[in-house]
Amino acid sequence: MTLDYKKAGVDIDAGNEAVRRIKAFAPEIGSFSGLFPLPKGYEDPMLVSGTDGVGTKLKIAFALDKHDTIGIDLVAMSVNDILCCGAKPLFFLDYIGCQKVIPEQIALIVKGIAEGCKQSDCALVGGETAELSDMYTVGEYDLAGFAVGIVDKKKVIDGKRIKPGDKIVGLRSSGLHSNGYTLARKALGEEDFADMLIPTKIYVKEVRELLGRGVDIKGLAHITGGGLVENIPRVFPAGVGMKLDYKSWIVPDIFKKIQKNGNIAEAEMYRVFNMGIGMVLVLADAEVKKLKDPLIIGEIIKENA
């Protein structure tokens with residue numbers, strides 16, 4: 001038998017067709033690299049970067065054969081992270097590794113990525129799709145993403161000014177977002193898969209609007225793996241802690257169902273999931289008053305108080 005690349009497991013023609021379809025959502029893709037001009041108007045610009053994936057939420061996309069929103073999750077995980085220092089996202093790149101390039105499937109994934117970039121007000125400047133027939137299960141793929149943003153050095157949000165008495169304000173999540181799926185999938189059944197695939201909320205425009213109005217945000221925490229109890233303290237300076245009021249917001253039903261079905265301890269739930277709060281702001285009292293209907297979920301206290 002004469003051997004060629006396609007017979008060995010890699011279809012170059014399918015890859016080319018995938019690129020052709022992708023250009024409907026990201027017309028600039030196709031070169032060996034992506035170019036992006038550094039924006040003007042920054043006195044001492046700092047570039048900010050972040051990278052992430054979407055974990056086993058992909059298993060839900062595979063089960064439902066629905067691939068047009070998982071790209072939103074991919075963008076969200078990186079842009080929400082770099083937002084936490086006050087950065088404006090500039091551009092995003094993606095990596096798709098798959099068992100077989102299915103052009104229509106790849107196009108749907110990138111459609112979601114392009115939508116996530118639109119919600120983040122950033123550009124999709126490039127990416128890579130790799131057909132790795134010996135690495136993945138038939139029909140499955142993995143995703144990774146990389147975002148770059150910019151912030152003036154004097155405007156970096158680093159949490160250093162946080163002090164006792166400051167308020168912890170929560171921004172609601174859209175659901176599970178992209179963390180805790182290994183546990184959630186074991187607690188829930190197929191009838192819940194559609195709710196589990198709701199895209200991660202992107203907070204860029206909401207937070208940037210507050211900053212644009214002059215709201216002095218002392219700290220920002222993206223509530224991902226580790227939940228509220230581990231992510232919020234990441235932005236604290238030495239000597240402070242927090243007291244959360246767990247009754248200040250209504251926990252969405254999907255978390256209650258996970259806890260009940262899996263017989264999961266409450267402490268474990270708050271350590272794994274966002275429990276309905278996807279982003280947290282730390283603000284002084286005077287700044288809280290500048291927000292419309294702020295959801296105050298706690299307060300900064302002295303450490304070990």
* **Close side-chain approach of Leu183 to Ile264, heavy-atom, < 4.5 Å** => yes
Indicate every side-chain donor-acceptor pair of residues 213-220 with a distance under 3.5 Å to a residue at least two apart or in another chain.
unit_1	atom_1	unit_2	atom_2	d
Arg213	NE	Glu209	OE2	2.7
Arg213	NH1	Lys290	O	3.3
Arg213	NH2	Lys290	O	3.4
Asp216	OD1	Arg161	NH2	2.6
Asp216	OD2	Arg161	NH1	3.0
Lys218	NZ	Arg161	O	3.4
Lys218	NZ	Asp166	OD1	3.2
Lys218	NZ	Asp166	OD2	3.0

* Asked: Hey, is the main chain of His177 close enough, under 3.5 Å, to the side chain of Lys57 for a donor-acceptor pair?
  -> yes
Show me the donor-acceptor pairs within less than 3.5 Å that the side chains of residues 74-88 make with the rest of the protein, sequence neighbours left out.
unit_1	atom_1	unit_2	atom_2	d
Ser78	OG	Asp52	N	3.4
Asn80	OD1	Tyr203	N	3.1
Asn80	ND2	Ala76	O	3.3
Asn80	ND2	Lys201	O	2.9
Asn80	ND2	His222	NE2	3.4
Asp81	OD1	His222	ND1	2.7
Lys88	NZ	Asp121	O	3.4

* **Plane angle bin for Phe91 and Phe36 - parallel if under 30°, tilted between 30 and 60°, otherwise perpendicular** => tilted
* Are any side-chain N or O atoms of Asn231 and backbone N or O atoms of Gly227, one a donor and one an acceptor, separated by less than 3.5 Å? -> yes
* Asked: Would Lys154 and Asp44 pass as an ion pair if we require N to O under 4.0 Å?
  -> no
* Are the side chains of Ser133 and Lys100 in touch, meaning some heavy atoms are under 4.5 Å apart? -> no
* Around Glu104, counting heavy atoms of other residues, nucleotides and ligands shown, do more than 12 lie under 6.0 Å from its CD? -> yes
* To do: Return yes if some donor-acceptor pair links the side-chain N/O of Lys40 with the main-chain N/O of Leu38 below 3.5 Å, else return no.
  => no
* Asked: Side chain of Trp249, backbone of Met275: donor and acceptor closer than 3.5 Å?
  -> yes
* Checking Ser173 side chain against Gly175 main chain: does a donor-acceptor pair fall under 3.5 Å? -> yes
* Asked: Near Arg208 CZ, under 6.0 Å, is it more than 12 heavy atoms from other residues, nucleotides or ligands?
  -> yes
* Side-chain (Asp73) to main-chain (Val54) donor-acceptor, under 3.5 angstrom -> no
With a 3.5 Å cut-off and sequence neighbours excluded, list the donor-acceptor pairs that the side chains of residues 136-146 form with protein atoms.
unit_1	atom_1	unit_2	atom_2	d
Glu140	OE2	Lys59	NZ	3.4
Tyr141	OH	His67	ND1	2.8

* Asked: Is a donor on one side and an acceptor on the other found under 3.5 Å between the side chain of Glu131 and the backbone of Val101?
  -> yes
* Asked: Are more than 12 heavy atoms from other residues, nucleotides or ligands located less than 6.0 Å from atom NZ of Lys205?
  -> yes
